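Numbering starts at 1 and runs along the sequence shown. Here the structure is a predicted model, which is why all the values come from computation and not from measurement.
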Amino acid sequence: MQLYTDAMYFGGDGASPADYESSVKARVDYMRARIARLEHAAGKEGPLSILDYGAATGDFVRAGLDAGHDCIGIELSEDARAAAKQKNGVTLLSIDGVGGMVESQFDAIHMNHVLEHMPDPLAHARWCARILKPGGLFVLEVPQQFDNDLDRLRRTLSIGGKLSRFDAYSLHHTYFFTPSTAATLLAEAGFSVLSLSTFNSNKTPFWPFSPKNYVLRLLLGMADRLHAGGNIIEVLAQKESCVTSLRAGEVSVS
């Protein structure tokens, strides 16, 4: 829990980015684009019921509400929930709110850099499948940490000083995924993978002009196309129709 207190979560001398608030602002358009992708993939009239699982300071929830959807979020960190209320005017559920979720409740679930923090990611993925409606959508993004071309280049060139494979940034990650392990986990949880990518160009927009983003877009885009060597794993998956309840002996996250 200490990793998700205010000093750590919002840019203290710990595992979080040095300027968390600034990085969130840079992702607003990215989250809006993800909402639009969900709308297109769902292909239904009217608002979607969306759960943001690990909602941080509520930016994705705010984007979903602004787009007219029934969007709620769950967040472990009390500090993050307070910031969500102050900054975005949204009230996020604590982990205690998980117990109020029912089967087949949501059209879509969003998890952005959350599953790698979970002590039992398969149990959480199965729980997400249970509370999704039949055919519901699951958007998952996790880092492809260490095993991507950008990190390899940084280590080779010692950019930013000598970088170790394991540092403060990785301490709060309990699992490290590859595209194949992420796809296998989702299949075990009852999902069919619709698309999987290790790069999303919305993370590195050309405008406003940024030389850094221009280089990253070329490098990571090529790495993704050549050998799935980008620095994220982004998956759009769909709940298989036969997944409706907890399997025998399965762990509940409530």
**Q.** Transitive ILVMFWY side-chain link M222 to Y214, under 4.5 Å
**A.** no
(Q) Tell me whether Q105 contacts the main-chain N or O of L51 through its side chain, where contact means a donor paired with an acceptor under 3.5 Å. (A) no
Q: Start with the C-alpha distance between H173 and V142, add both sets of side-chain angles, then the distance that settles side chain to side chain contact (heavy atoms under 4.5 Å, CB included), and finish with yes or no.
A: CA-CA 10 Å; H173 293 170; V142 295; over 6 Å; no
Q: Measure the shortest side-chain to side-chain distance between D59 and K87 over non-hydrogen atoms and say whether it is less than 4.5 angstrom.
A: yes
Q: Can you measure from OG (S180) to CG (L185) and round to the nearest 0.5 angstrom?
A: 11.5 Å
**Q.** Partner residues of L219 under the side chain to side chain contact (heavy atoms under 4.5 Å, CB included) criterion, sequence neighbours left out
**A.** L150, L153
Q) Which heavy atom in P143 sits nearest to a heavy atom in H113, and how many Å separate them? A) CD-ND1, 3.4 Å
**Q.** Heavy-atom donor-acceptor pair, Q238 side chain to G135 backbone, under 3.5 Å
**A.** yes
Q) OG1/T174 to CE/M118 distance, rounded to the nearest 0.5 angstrom? A) 8.5 Å
Q. Hey, are the side chains of D147 and F176 touching, using non-hydrogen atoms and a 4.5 Å cut-off?
A. no
Q. For E39, what residues pass the side-chain hydrogen bond (donor to acceptor under 3.5 Å, both in side chains) criterion, not counting sequence neighbours?
A. H69
Q.
If I take atom CG from residue L115 and atom SG from residue C128, how far apart are they, to the nearest 0.5 angstrom?
A. 8.0 Å
**Q.** Close side-chain approach of Y175 to T181, heavy-atom, < 4.5 Å
**A.** no
**Q.** Residues in side chain to side chain contact (heavy atoms under 4.5 Å, CB included) contact with L93, at least two apart in sequence or another chain
**A.** I72, I74, M101
**Q.** Contacts of type side chain to side chain contact (heavy atoms under 4.5 Å, CB included), residue A41, not counting sequence neighbours
**A.** L137, L236
Q: With sequence neighbours excluded, tell me which residues meet ring-ring contact (aromatic ring centres under 6.0 Å, His included) with F106.
A: none
Q: Locate the shortest heavy-atom distance separating P47 from G68; write the atom from each residue and the value.
A: CB-O, 3.1 Å
(Q) Which heavy atom of F177 sits nearest to which heavy atom of I233, and what is that distance? (A) O-CD1, 3.5 Å
Q: To the nearest 0.5 Å, tell me how far I35 CD1 sits from R62 CZ.
A: 11.5 Å
**Q.** Partners meeting side-chain hydrogen bond (donor to acceptor under 3.5 Å, both in side chains) with T184 (sequence neighbours left out)
**A.** none
Q: Applying side-chain hydrogen bond (donor to acceptor under 3.5 Å, both in side chains), name anything that partners D70, two or more places apart in sequence or on another chain.
A: none
Q | Under the salt bridge (Lys or Arg N to Asp or Glu O under 4.0 Å) test, residues paired with K44 that sit two or more places apart | A | D107
Q) Which atom names give the shortest non-hydrogen contact between N202 and A33, and what distance separates them? A) ND2-CB, 3.6 Å
Q.
Applying side chain to side chain contact (heavy atoms under 4.5 Å, CB included), can you list everything that pairs with S94, at least two apart in sequence or on another chain?
A. R81, D96
Could you give the side-chain donor-acceptor pairs of residues 189-197 under 3.5 Å, partners two or more places apart or in another chain?
unit_1	atom_1	unit_2	atom_2	d
S192	OG	E240	OE2	3.2
S195	OG	R37	NH2	2.6
S197	OG	F199	N	3.1
S197	OG	F199	O	2.7
S197	OG	D224	OD2	3.3

Q) What are the two closest heavy atoms between E75 and A80, and how far apart are they? A) CG-CB, 3.7 Å
Q) Can you name the nearest heavy-atom pair linking P179 to Q144, along with the distance? A) CD-OE1, 3.1 Å
Q) Tracing side-chain links under 4.5 Å among I, L, V, M, F, W and Y, which residues wind up in one group with V61? A) L65, V90, L92
Q | D29 and R32 ion-paired at < 4.0 Å | A | yes
Q: Could you check N148 against T198 for side chain to side chain contact (heavy atoms under 4.5 Å, CB included), going step by step and ending with a plain yes or no?
A: CA-CA 9 Å; N148 67 76; T198 63; over 6 Å; no
Q) If you group Ile, Leu, Val, Met, Phe, Trp and Tyr by side-chain heavy-atom gaps below 4.5 Å, do L220 and V215 land in one group? A) no
Q) When you measure from the side chain of E188 to the backbone N and O of L186, does any donor-acceptor pair fall under 3.5 Å? A) no
**Q.** Partner set under side-chain hydrogen bond (donor to acceptor under 3.5 Å, both in side chains) for R34, not counting sequence neighbours
**A.** Y30, H110, N112, E141, E234
